[in-house]
Amino acid sequence: MSQYNPQQIEKKWQNIWKEQKAFEPEESFEKEKMYVLSMFPYPSGRIHMGHVRNYTIGDAIARHYRKAGYNVLHPIGWDAFGMPAENAAIKHKVHPKKWTYENIDYMRKELDSLGLSFSQDREFATCDPLYSKWEQKFIIDMWNKGLLYRKKASVNWCPHDKTVLANEQVIEGRCWRCDTEVVQREIEQYFLKITDYAEELLQDLDKLEGKWPSQVLAMQRNWIGKSEGLEFVMKLDSPSAQKAGAEGFEVFTTRPDTIYGVTYAALAPEHPIVKHLIETKALDEEKIERIKRMQNQNAKERQQAEKEGLFLELYALHPLTGQKIPVWVANFVLMEYGSGAVMAVPAHDERDFEFAKKYGLPIKYVIKPKTGELDTSKAYTEPGILFDSGKFSGMRSEEAKRAIIDYFEKEGLGRRAVNYRLKDWLVSRQRYWGTPIPLVKCQSCGIVPETDLPVTLPEDIEITGEGNPLELHPTWKKTRCPKCGGEAERETDTLDTFVESSWYFLRYTTPRKYWEEVPFRKEDSDYWMPVDQYIGGIEHAILHLLYSRFFTKVLRDMGYVSIDEPFERLLTQGMVLKDGAKMSKSKGNTVDPDAIVQKYGADTARLFILFAAPPQKELEWSDSAVEGAYRFIKRFYERSFNAKPLKELPKFGDLSKEEKEARKKVYEALKKSQEVYAKSFAFNTLIAAAMEALNALNAQNNEEVWSEGYWVLSNILEPIIPHVSHEIADRLFGRANFAPILVDEGALEEESVTLAVTINGKRRCEIEVPKEASKEEVLEVAKEAAKKWIEGKEIVKEIVVPGRLVNLVVKG
RNA sequence: GCCGGGGUGGUGAAACUGGUAGACACGCGAGACUCAAAAUCUCGUGGGCAUUUGCCCGUGUGGGUUCGAGUCCCACCCCCGGCACCA
């Protein structure tokens, strides 16, 4: 017998796996496939415990299915573009490319040390030009389809550094680098029309029901934010129309039933009518000044600000009554939602109510509760019965909504409409370290797609944090128009890094040797997609997953893939905590994965992380529990010398009670393992079952029972603690046991069963009866055993739950 | 505020479609081995009462359904995550 030496065993097996290329998927499409994917990491420099958890979970699943005979795709890559590389460049004067690839090399070694079964062939970084090439192709396709378009949008602008700032670079309204006050500046940006897919993105969530966490589905539904209602034009009276330079303005409401309660209208500060009034100086200086101040607030500030507005000296006409109603501008009306204008019903909307109170605007109730009194000290926002609403009076809200919309449609006043909270996806970034947008600006042809892909980044740049390096580069942006051959300029914006992560899972489906010719082969994606099991942090529940779903649908419509949804099943893992808080450098409560691997080995790290909590839950780090995991593996290894080598499973004759118990626990663990991968991923319970089995094996000394136990246990523990499992299984069985094992139902059977006896539901004692005992026999034994509790009492009911308990209901 | 998910020993957690609450670990206590310690092994470990056989209480709180509730229903409290002036 030898000592457990994790360093030696782990190194040995990692080398063997590497040499044998043990984790490459087969290129043929014959076997049943299993695509297991953990979200790829950003190469920040070192891995952290969150990564260890994510990749250990994915690895266990991948190894399980590989062992079960599936063709498994379990790839890894690097989400390699993004701001931290530029920040490092500013701080340490190191080129983003160098920094990124060095980090990747280091982190790859760290991941390797954990014994993760990734395909080596299919690894890539999203900053590889070969990846950009195809991303740029997609972007051009989308441009040609009109899915990518340009529109002005406001950005955070630092006047000192002459650069656009991301929200996280704005600290209390000031630039993170130079502390200059940040201003909002409108520039031309690129958007992807995700709103074209809003309805499908919403509908298809139903297909994921039961396969994705309900929480994530709910978050996506909220984010898309569908609402149905009435859309109509509020006409301005003629003097107002002249002043406003418009006949009227469009409004949207989800409460057409409250339309007779409209007492004013409100426009967003950015509304075209408001802009027109300012340009034509139709309002006095002071009012213009106040509107401009509202416009200058960014979204966050405006949210926190108090409701504010002013009368625009315009009157609109109520669409049904023709009454004149005042038009205001209000800071709580959002230009991005609906049409940037609302019909205000203060009696039945809290915001409108608050605003009306502040400015003394009339409040007119038109809905009353079905029962009880109307409280006129606040807005009544519930549905109810209409009154003072013309011919619609007396209707209930639901009915009135339909009737009023129908009436508007019939009279040509407005239409039934749907609105989404979801906005188009702003994909352009004024940064260096990203995928260049492959478009060229030509004086005579306008914006023209590049034909020679990929458009690569220039490397001779300096990143200082001032200005945009692509803009400042002396020659890079000078080019020829692909259409007319004349002088032209390249687009200097790069793409949001969420674009890269929106299709990386498709790239993996195709072997590296085709990467030059195609983004991925259709036959490969048809075989491998969708991803069968996706694993990642809940923090990506909305954006990454929504963008990936959108991208998949667009690629489908462009003929690249045949699926509607990219991720069949989703598992969102919980955070890793220490001392009750998320591990972070600033809190100083991090645990370095490398140190754990060095001290205890990768198997211990993996076992602890899967044992300490179910994957979906938060995991509290515990040094002593890590020790416990190490001790288990040590026992598992050392006791393996109680087993003798086998070529196949032995047959058993008569066995002692302990021997039978050991076999039973072993097969219970096997059964548990099958359940865990099929449903819950509760690795903690699978590990507990394996521990019970090892404890039971240790309570007997039949060498063949030991051998059978290790045949099964080293199989089911292989996904979790692969190195030691391979070591043991190789020595004892030549790894012949790494194949599906049937549960020996005979080992699970028992001749007698223990039943609890409860009197009036209260547990009193236990009885042991033969397995086949009839109900009458069981009751007889139970009554005898429970004699002292039922003596002199009347039994009014007898309940026997087979294999569980007996309940006697007594009276007196 | 709205939408999700949770509250079980000293700790991390188990408990299948209502059926012996606390599996498996960590920690702690006792013992064995040892000159001693570490390591390892064995036993014990929800709380309270009791000399023992035992008895009572116990899954956030209060009600309910049921022979039987951690599990189902109603009301409430607390914690976590997300969204939030979305008309």
Side-chain angles (χ1 to χ4, degrees), chain A residues 213-223 225-227 229-231 251-255 258 265-266 268 299 302-307 330-334 336-345 348-352 354-355 419-423 538-539 541-542 572 574-575 607-608 611-614 616-629 631-632 634-635 638 672 675 679-680 682 684-695 698 754-766 788 795-810:
Chain A
S214 58
Q215 190 190 174
V216 175
L217 295 174
M219 281 160 76
Q220 293 230 343
R221 287 194 181 101
N222 289 343
W223 190 261
K226 181 181 183 176
S227 56
L230 168 69
E231 191 177 79
V251 296
F252 172 74
T253 178
T254 56
R255 294 294 305 272
T258 64
R302 205 180 288 184
Q303 254 170 49
Q304 284 153 2
E306 199 188 327
K307 284 194 181 34
N331 66 343
F332 67 89
V333 181
L334 308 173
E336 311 87 67
Y337 187 78
S339 53
V342 297
M343 62 172 223
V345 186
H348 303 293
D349 181 285
E350 274 163 25
R351 295 157 301 180
D352 297 346
E354 200 184 313
F355 193 81
N419 251 295
Y420 299 90
R421 200 191 80 105
L422 181 69
K423 287 184 276 183
I538 187 79
E539 65 271 23
I542 299 174
T572 47
M575 284 191 305
L607 182 69
F608 166 74
F611 183 54
Q616 298 86 346
K617 263 192 87 166
E618 289 175 343
L619 183 152
E620 174 71 30
W621 187 265
S622 157
D623 289 325
S624 55
V626 174
E627 295 265 0
R631 284 202 297 268
F632 170 75
K634 192 166 143 65
R635 280 198 297 272
E638 284 167 3
K672 191 79 196 173
E675 278 166 30
K679 280 203 297 244
S680 63
N684 53 331
T685 61
L686 157 56
I687 293 164
M691 287 174 168
E692 281 189 69
L694 188 65
N695 291 345
N698 203 46
T754 307
L755 302 181
V757 179
T758 59
I759 312 296
N760 292 345
K762 187 172 240 354
R763 182 175 168 275
R764 288 302 176 183
C765 61
E766 278 180 0
K788 60 184 275 201
I795 299 178
V796 293
K797 203 166 183 181
E798 297 165 339
I799 293 147
V800 177
V801 183
R804 295 280 178 187
L805 53 68
V806 179
N807 190 23
L808 302 173
V809 185
V810 299

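These numbers come from the heavy atoms of this one structure, side chains and all, not from hydrogens, waters or symmetry mates. This is a predicted model, so every value here is computed, not measured.
For A/Glu336, the CD atom counts as densely surrounded, since its 6.0 Å shell holds more than 12 non-hydrogen atoms of other residues, nucleotides or ligands.
Atom NZ in A/Lys672 sits about 13 Å away from atom P in B/C24, given to the nearest Å. Remark: P of B/U66 and NZ of A/Lys762 are 20 Å apart, rounded to the nearest angstrom. In this structure, A/Tyr420 atom OH and B/A87 atom P are separated by 13 Å, rounded to whole Å. To the nearest angstrom, P of B/A23 lies 14 Å from CE of A/Met691. Atom-to-atom, CD of A/Gln215 to P of B/G81 comes out at 11 Å; the value is rounded to the nearest Å. Here the P atom of nucleotide B/A84 and the CG atom of A/Leu334 are 11 Å apart, to the nearest Å. One atom, NZ of A/Lys226, and another, P of B/C2, lie 24 Å apart when rounded to the nearest Å.
The gap from the C1' atom of B/G6 to that of B/U71 amounts to 15 Å, rounded to the nearest Å. B/A69 and B/C73 have their P atoms separated by 15 Å, given to the nearest Å. Rounded to the nearest Å, the gap between the P atom of B/C24 and that of B/A30 is 23 Å. For B/U59 and B/G64, the P atoms lie 16 Å apart once the distance is rounded to whole Å. Annotation: B/G44 and B/A25 have their P atoms spaced 13 Å apart (nearest Å). Here, B/C86 and B/G5 have their C1' atoms 25 Å apart, quoted to the whole Å. Between the C1' atoms of B/G18 and B/G27, the separation comes to 34 Å (whole Å). The C1' atoms of B/A21 and B/A32 are separated by 33 Å, rounded to the nearest whole Å.
Between A/Lys634 and B/C41 there is no side-chain N or O to OP1 or OP2 distance below 4.0 Å. Between A/Arg631 and the phosphate of B/C26, there is a side-chain N or O to OP1/OP2 separation shorter than 4.0 Å. For B/A23, neither phosphate oxygen OP1 nor OP2 lies less than 4.0 angstrom from any side-chain nitrogen or oxygen of A/Asn695. Listed pair A/Arg764 / B/C56 meets the phosphate criterion, a side-chain N or O lying under 4.0 Å from OP1 or OP2. Side-chain nitrogen and oxygen atoms of A/Asn684 include at least one within less than 4.0 Å of the OP1 or OP2 phosphate oxygen of B/A14. An OP1 or OP2 oxygen of B/A13 is reached within less than 4.0 angstrom by no side-chain nitrogen or oxygen of A/Thr685.
Backbone-only engagement by A/Lys617 is indicated by non-hydrogen atom pairs under 4.0 Å involving sugar-phosphate atoms exclusively. Residue contacts for A/Val333: at a heavy-atom cut-off of 4.0 Å it reaches a base atom on one of the strands shown. A/Val809 comes within 4.0 angstrom of sugar-phosphate atoms only, judged by non-hydrogen atoms across all strands, and of no base.
With hydrogens and angles ignored, the 3.5 Å screen pairs a side-chain donor or acceptor of A/Gln220 with a backbone N or O of A/Ala541.
The cationic group of A/Lys307 lies under 6.0 Å from the six-membered ring centre of A/Phe332 and within 45° of the ring axis, placing it in a cation-pi geometry.
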I'd like to know whether A/Phe608 forms a side-chain contact (heavy atoms from CB on, under 4.5 Å) with A/Ile687, so could you lay out the CA-CA distance, the side-chain angles of the two residues, the decisive distance to 0.1 Å, and finally the verdict.
CA-CA 10 Å; A/Phe608 166 74; A/Ile687 293 164; over 6 Å; no
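Using the Watson-Crick or G-U wobble rule with both distances under 3.5 Å, B/A32 pairs with B/U40.
Interface remark: the A/Asn807 side chain does form a donor-acceptor pair with the B/C67 base, using a distance-only criterion of under 3.5 Å. For B/C83, the base has no donor-acceptor partner in the side chain of A/Arg221 [N/O atoms by modelled type, under 3.5 angstrom].
Taking 90° from 0 as the syn/anti boundary, the base of B/G68 is oriented anti.
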